[in-house]
Amino acid sequence: MAAAKDPSNAAIAELLDELGDLYELEGAVVHRVLAYRNAAKAIRDAPRSVAAMTREGRVTELPGVGKTLEEKLTALVETGEIPALEKLRSRVPAGLVVITRLPGLGPKRARKLHDALGVDGPQALRAAIEQHRVRDLAGFGAKSEERLLAALDAAGDAVDGPKREILSRALAVGEALVAELRAHPSSDRVELAGSARRWADSVKDLDIIATADDPQALIDAFAASDLIAEISRSGVAGAHAIAQSGIAIDLRVVAPDQFGNLLQHFTGSKAHNVAIREAAVRRGLHVSEYGILDDETGQSERFATEEEVYARLGLPWIPPELREDRGELQLTEVPPLIEQADLRGDLHMHTTASDGRASVREMAQAARALGLDYVAITDHSASHGFGDAVSPDRLRELIAEVRAVDDELDGITVLAGSEVNIGVDGSLDYDDELLAELDWIVASVHTAFTSDPTARIVAACEHPLVDVIGHPTGRKLEERFAYDLDVDAAIAAALRTGTFLEINGSPRRRDLDDVHARAARDAGVLLTIDSDAHGPEALANTRWGVATARRAWLSAADVANTRPWEELRKLRKGAR
DNA sequence: GCCGTTTTCGGCCCGACTGTTTTCAGTCG
């Protein structure tokens, strides 16, 4: 083991992206820059620790990582830094990378501003514009100054590109808008495309692709929707708008005979499309959003459906959730993916006994209304400290209440559980005798994130009564990164001990994420999909968990709570 | 910088828009 802490895959990917940015500013050929970005993506998508793979001499197994990058990664793992990156950082001002994020300003022109005017960041750029020194540069003009100044004003202090929005908020707008457009008399097909259709964790904007008898009427209806705050661009082919919520929305109205091409193109991902096009070129086909050009015939073919687009390329129709260039183009047959209706139970939720908003009975009734066969009530344990900590005595009362509700309600099985806090030493809050009275035990890290979460989670897996690790990495989108968990080690411990790992359905968590859930499944670990609901309406949060599971290529059999409770209880490690 | 059912060298997806241009480079998605 190395003495220093290994950098995470996300941290390594960030360094390679930075290398790409800096080489680009130095004028490197685009394909060299692209090579760094491709490698960064491959490392982000890698299920295992790339630092560990580097040490084992296996890092070139990743697509896009060759000899040169292996050397750089080896240096990083052994010394904690990449010499080439350190040199570049000393040569290229950090502010130069920052101004390339301004719309309309890329690496080439940023470099020119630096070399000719000494511009090294946003402040220097503003000064140069105000002194009208930019307009005299070749390739720049008065219009450039105007637009760059506007971009600087719009960016304010944070020149940081557009913010991403978590999917639940974006879809609330996107699904409502699609429903409105579908209800319009002149609309024919209306589909959400982009990363929202792929059910990504978060999205930058929304893309809607439509066909209509009267395109202008549909575009007018779009512009007039209550959900739209302003229209920034509008024409016969579509419109670009900002929703009341602040998210950007692009509507494209297209001819019916190329709806399939457009929908496929705008669903992405970019990496998926690039991979498709590269493979197509080898077969003499050129794919664009408008059609597929066949070298042999010189004809461009348009398709009304995505199924036809994929079929023309010799591929099965690939579900949007899989379109990330993570091996889906090698599929001859698409695996059956889990669906919402496959879930039979929900094994993680809270009531007023801890920090929930509803009673045991209300939660059970709401779950029954959603069609679930069983639920586990899993309030926080004694040391969680939300003010409503469930003491051992209180837990005994709660168990009795759950049993009473279970007896009383027909059509749903209500299980007594707990979300037990994993202490800094890996111990649990309740003694084993009390824990043994429970039907279901979720163990989670809620405190002291810097105190060796890996060792604590491994210890929890080794506890004979723990069924599942809740939200294993602790990430919260828009709020905080995952704590420093060695996911490889957690998966190995779960496999060894027969512990399940959770895909938490809270839209801010979705934890495990798609990459790690896929790694867990591939290792042979069973997953659960839970709502972590704190009120009846949040039981529907399992949809985000199902989305993550689909993005992880999971089928129903890979998820423990697609089974009837009587079958699942026999899979608990305590029952075996 | 990566990679190989035409290649260990010479390629590496596709098209639109913009502003500064007499035919295009840079930027973006």
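All values reported here derive from a predicted model rather than from experimental measurement. Chain letters run A, B, ... following the sequence lines, proteins first and then strands; every chain starts at 1.
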J.: Any pair with a residue in residues 178-194 of chain A that passes salt bridge (charged side-chain N to carboxylate O under 4.0 Å, His left out), sequence neighbours left out, goes on the list, sorted by first then second residue, please.
T.: A:Arg182-A:Glu191, A:Arg189-A:Glu191
J.: Output one letter per nucleotide in nucleotides 20-29 of chain B: B when a protein non-hydrogen atom lies under 4.0 Å from the base, S when only the sugar-phosphate is that close, - when neither is.
T.: SS----SSSB
J.: For A:Asp153, is the CG atom crowded, meaning more than 12 foreign heavy atoms sit under 6.0 Å from it?
T.: yes
J.: Looking across every strand, which nucleic acid part, if any, lies under 4.0 Å from A:Val281 by heavy atom: base, sugar-phosphate, or nothing?
T.: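 A:Val281: backbone/sugar contact only, no base atoms under 4.0 Å.
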J.: Which part of the nucleic acid does A:Lys72 contact within heavy-atom distance under 4.0 Å: base, sugar-phosphate only, or nothing?
T.: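 Sugar-phosphate: the residue A:Lys72, judged by heavy atoms under 4.0 Å, touches backbone atoms but no base.
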J.: Say we look at B:dC3 and B:dT22: how far apart would their P atoms be, to the nearest angstrom?
T.: 40 Å
J.: Please give, in whole Å, the distance from B:dC2 P to A:Glu61 CD?
T.: 15 Å
J.: Quick one, which residues of residues 21-47 of chain A touch DNA chain B with a heavy atom under 4.0 Å?
T.: A:His31, A:Arg32, A:Ala35, A:Tyr36
J.: Can you run down the salt bridge (charged side-chain N to carboxylate O under 4.0 Å, His left out) pairs that involve residues 112-124 of chain A, sequence neighbours left out, and say none if there aren't any?
T.: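 Of all non-adjacent pairs touching residues 112-124 of chain A, those that pass salt bridge (charged side-chain N to carboxylate O under 4.0 Å, His left out) are A:Arg111-A:Asp115.
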J.: Determine the Euclidean distance between corresponding C1' atoms of B:dT23 and B:dT18; express it in Å to zero decimal places.
T.: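 It comes out at 15 Å once rounded to the nearest Å.
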J.: Tell me: NE2 of A:His240 to P of B:dA16, nearest whole Å?
T.: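 After rounding, the gap between these two atoms is 18 Å.
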J.: Taking the C1' atom in each of B:dT7 and B:dC12, what is the distance between them to the nearest angstrom?
T.: 13 Å
J.: So, does A:Asp136 use its side chain to make a donor-acceptor pair with the main chain of A:Arg133 at under 3.5 Å?
T.: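 Checked: no pair found.
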J.: Please report the distance, rounded to the nearest Å, between CG in A:Asp325 and C1' in B:dC13.
T.: 13 Å
J.: With a cut-off of 6.0 Å (strictly less than), are more than 12 heavy atoms of other residues, nucleotides or ligands near CD of A:Glu479?
T.: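 Correct, the count exceeds 12.
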J.: Does A:Arg198 use its side chain to pair, donor to acceptor, with the backbone of A:Thr267 at less than 3.5 Å?
T.: yes
J.: Could you pull out the closest heavy-atom pair between A:Asn261 and A:Phe303, with the gap in Å?
T.: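 Of all heavy-atom pairs spanning A:Asn261 and A:Phe303, the closest is OD1-N, 2.7 Å.
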J.: With A:Leu105 as reference, evaluate A:Leu148, A:Thr100, A:Leu152 under the side chain to side chain contact (heavy atoms under 4.5 Å, CB included) test and give the passing residue.
T.: A:Leu148
J.: Using 4.0 Å as the upper bound for N to carboxylate O, is an ion pair formed by A:Arg475 and A:Asp201?
T.: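 Salt bridge present between A:Asp201 and A:Arg475.
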J.: Does atom CD of A:Glu301 have more than 12 heavy-atom neighbours, drawn from other residues, nucleotides or ligands, at distances under 6.0 Å?
T.: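 Yes, CD of A:Glu301 has more than 12 neighbouring heavy atoms, counting only those of other groups under 6.0 Å.
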J.: Quick one: A:Arg283 CZ to B:dC13 C1', roughly how many Å, whole number?
T.: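 Taking atom C1' of B:dC13 as the reference, CZ of A:Arg283 is at 16 Å.
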J.: Taking B:dC14 as the reference, what is the distance to B:dT8 when you measure between their P atoms (whole Å, please)?
T.: 23 Å
J.: If you measure from the Lys or Arg side-chain nitrogens to the Asp or Glu carboxylate oxygens, is any gap between A:Arg55 and A:Asp6 under 4.0 Å?
T.: yes
J.: Heavy atoms under 4.0 Å is the rule here; annotate nucleotides 3-8 of chain B 5' to 3' with B where the base is hit, S where only the sugar-phosphate is, and - elsewhere.
T.: S-----
J.: For A:Glu328 and A:Asp325, indicate whether the former's side chain and the latter's backbone hold a donor-acceptor pair under 3.5 Å.
T.: yes
J.: I want to verify a distance call: between B:dC13, B:dC2, B:dG15, whose nearest atom is closest to the A:Glu278 side chain?
T.: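 Nucleotide nearest to A:Glu278's side chain: B:dC13.
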J.: When rounded to the nearest Å, what value does the distance between P atoms of B:dT20 and B:dA16 take?
T.: 22 Å
J.: Heavy atoms within less than 4.0 Å of DNA chain B: which residues of residues 87-95 of chain A have one? Give them sorted by number.
T.: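 The answer is none.
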J.: Please state how far atom NE2 in A:His272 lies from atom P in B:dC13, giving the value in whole angstrom units.
T.: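 The answer, rounded to whole Å, is 15 Å.
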J.: Can you tell me the distance, in whole Å, between the CD1 atom of A:Ile292 and the P atom of B:dC13?
T.: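 One finds 16 Å between P of B:dC13 and CD1 of A:Ile292, rounded.
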J.: Between B:dG15 and B:dG10, how far apart are the two C1' atoms, rounded to whole Å?
T.: 24 Å
J.: Under a 3.5 Å cut-off for both contacts, is B:dC17 paired Watson-Crick or G-U wobble with anything, and if yes, with which nucleotide?
T.: B:dG26
J.: If we ignore hydrogens and angles and just use 3.5 Å, is the side chain of A:Thr542 paired with the main-chain N or O of A:Gly545 as donor and acceptor?
T.: no
J.: Using atom CZ of A:Arg233 as one end and atom C1' of B:dA16 as the other, report the distance to the nearest whole Å.
T.: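 Nearest whole value for this atom pair: 11 Å.
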J.: Starting from the C-alpha separation in whole Å, work towards a yes-or-no answer on side chain to side chain contact (heavy atoms under 4.5 Å, CB included) for A:Arg323 and A:Ile318.
T.: CA-CA 7 Å; A:Arg323 301 184 194 173; A:Ile318 295 170; 3.9 Å; yes
J.: To the nearest Å, how far apart are A:Gln258 CD and B:dG15 P?
T.: 13 Å
J.: Does the side chain of A:Leu167 come within less than 4.5 Å of A:Trp199's, by heavy atoms?
T.: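 Side-chain contact under 4.5 Å: yes.
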